[in-house]
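None of these values were measured; they are calculated from a predicted model. In what follows, every heavy atom counts, from backbone to side chain, and hydrogens, waters and symmetry copies are set aside.
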Amino acid sequence: MQTNHSQDFNRLSDMALEVFTRKHESREQGLRISRQAIRLSSNAIRSAHRKEFDRAKELIKEAGEILSETKSILDRTPEIYHAGFLSEARKEYCEANITLALLSGEYLPQPEDLGVDISAYLKGLGDASGEMRRYILDSLRTDDWSQCEQIMAWMDDLYGLLVTLDFPEGVTGGLRHTTDMVRGTLERTRGDFTMALRQRSLEKKLSSWNESKEK
């Protein structure tokens, strides 16, 4: 006797439509949130470099509120929540918070404060090393040495933290690439900072020599 599977196929069709529709809606919502959170976080970092700390805080708060909408995505479709574009948004959000804290001298927020997983936080921390390098180079150009050594020390500490986390990429979510990037950033910045220190020392000696010569 031949079985009629039409009802089975119809049921499968309805199930697939429901699942894929839900996933598609979550994906579209996630993409929108990701774009907004990344834009706000990037603008917050720029404000922090301009020492517009209150403005940076406002932008970060807005980004956090937008990212909080992803809780519903986690409940409905966790695979979308953990997709690359939302992970990138959480990383950028962490970078903005960390950069603001380091440049303003305020409390460094922890992963639980930001509502993110440790991998996203550490990647944001690693990317913040690029912002620290930018701060040092900008300071050297304006002959402002007040925080350069402290920022360099933090970059050293940051790399020291990341390099100790020697786990497989599948465990850390690709943290090794971030660690390698931080090492390169640190080495270039240390070289630039050392050259600037030597030049500054030489200029002081020349100035002192010229003053003694005039006397």
Side-chain angles (χ1 to χ4, degrees), residues 1-47 56-101 108-131 158 161-182:
M1 179 179 178
Q2 189 173 7
T3 304
N4 187 341
H5 291 297
S6 295
Q7 289 184 342
D8 296 329
F9 290 143
N10 289 336
R11 179 180 175 279
L12 286 169
S13 175
D14 292 342
M15 182 189 302
L17 283 171
E18 180 183 349
V19 170
F20 292 151
T21 297
R22 184 170 63 247
K23 187 178 293 189
H24 177 70
E25 290 173 349
S26 293
R27 182 177 181 275
E28 292 300 305
Q29 181 188 8
L31 285 169
R32 174 183 59 79
I33 290 172
S34 175
R35 285 192 292 266
Q36 290 178 331
I38 289 173
R39 175 177 55 80
L40 289 165
S41 297
S42 297
N43 289 339
I45 290 172
R46 282 195 287 272
S47 293
K57 289 177 183 177
E58 291 174 3
L59 292 166
I60 285 173
K61 180 181 179 182
E62 190 176 347
E65 290 171 350
I66 289 171
L67 282 174
S68 68
E69 297 177 21
T70 60
K71 292 178 182 177
S72 61
I73 296 178
L74 178 60
D75 294 335
R76 295 194 315 269
T77 49
E79 65 272 29
I80 298 297
Y81 178 86
H82 293 291
F85 51 89
L86 280 176
S87 295
E88 182 72 14
R90 290 191 290 274
K91 183 197 74 171
E92 293 285 333
Y93 175 64
C94 291
E95 181 185 358
N97 276 276
I98 292 165
T99 299
L100 174 60
L108 183 67
Q110 300 298 295
E112 58 270 24
D113 299 323
L114 305 181
V116 300
D117 60 275
I118 189 65
S119 292
Y121 184 88
L122 291 175
K123 288 179 181 178
L125 184 65
D127 283 0
S129 68
E131 300 306 325
L158 193 162
L161 164 64
L162 294 178
V163 80
T164 61
L165 302 174
D166 188 19
F167 292 92
E169 291 289 80
V171 173
T172 64
L175 191 59
R176 187 170 299 164
H177 172 74
T178 300
T179 304
D180 291 341
M181 179 272 294
V182 171

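- If you take CD on E28 and CD on E25, they are separated by 9.5 Å, rounding to the nearest 0.5 Å.
- Remark: K123 pairs with no residue by the salt bridge (Lys or Arg N to Asp or Glu O under 4.0 Å) rule, at least two apart or across chains.
- The CD1 atom of I38 lies 12.0 Å from the CD1 atom of I33; values are rounded to the nearest 0.5 Å.
- Annotation: side chain of D117 is in contact with side chain of R90 (closest heavy-atom distance under 4.5 Å).
- Closest non-hydrogen pair, T172 versus S119, comes out as O-OG, 3.0 Å.
- When all heavy atoms of S34 and F85 are compared, the closest pair comes out as OG-O, 2.8 Å.
- T77 meets the side-chain hydrogen bond (donor to acceptor under 3.5 Å, both in side chains) test with S26; sequence neighbours excluded.
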* Under the side-chain contact (heavy atoms from CB on, under 4.5 Å) rule, what do R22 and V19 come out as? Steps first, then yes or no, please. => CA-CA 5 Å; R22 184 170 63 247; V19 170; 4.0 Å; yes
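- Within 6.0 Å of CZ in R76 there are more than 12 heavy atoms belonging to other residues, nucleotides or ligands.
- Judged as a salt bridge (Lys or Arg N to Asp or Glu O under 4.0 Å), and not counting sequence neighbours, D113 has no contacts.
- Closest approach of L86 to I73, counting heavy atoms only: CD1-CD1, 4.3 Å.
- Between H82 and L74 there is a side-chain heavy-atom pair separated by less than 4.5 Å.
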Would you list the atom pairs, donor with acceptor, under 3.5 Å between side chains in residues 58-66 and any protein atom, with sequence neighbours excluded?
unit_1 : atom_1 : unit_2 : atom_2 : d
E58    : OE1    : R55    : NH1    : 3.3

Would you list the atom pairs, donor with acceptor, under 3.5 Å between side chains in residues 91-98 and any protein atom, with sequence neighbours excluded?
unit_1 : atom_1 : unit_2 : atom_2 : d
K91    : NZ     : E88    : OE1    : 3.4
K91    : NZ     : E88    : OE2    : 3.1
K91    : NZ     : D127   : OD2    : 2.9
N97    : ND2    : Y93    : O      : 2.8

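- Legend: residues meeting salt bridge (Lys or Arg N to Asp or Glu O under 4.0 Å) with K23, ordered by chain and number and at least two apart, are E79.
- E69 places a side-chain heavy atom less than 4.5 Å from the side chain of R32.
- In plain terms, the two heavy atoms of S129 and V182 that are nearest each other are OG-CG2, 3.7 Å.
- Checked by atom type and distance alone, the side chain of Y121 pairs as donor or acceptor with a backbone atom of P109 at under 3.5 Å.
- When side chains are defined from C-beta on, L161 counts as touching L125, because their heavy atoms get closer than 4.5 Å.
- In this structure, the separation between CE on M15 and CG on L17 is 11.0 Å, given to the nearest 0.5 Å.
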* To do: Decide yes or no on side-chain contact (heavy atoms from CB on, under 4.5 Å) for R176 and D166, but give the supporting numbers first.
  => CA-CA 8 Å; R176 187 170 299 164; D166 188 19; 3.8 Å; yes
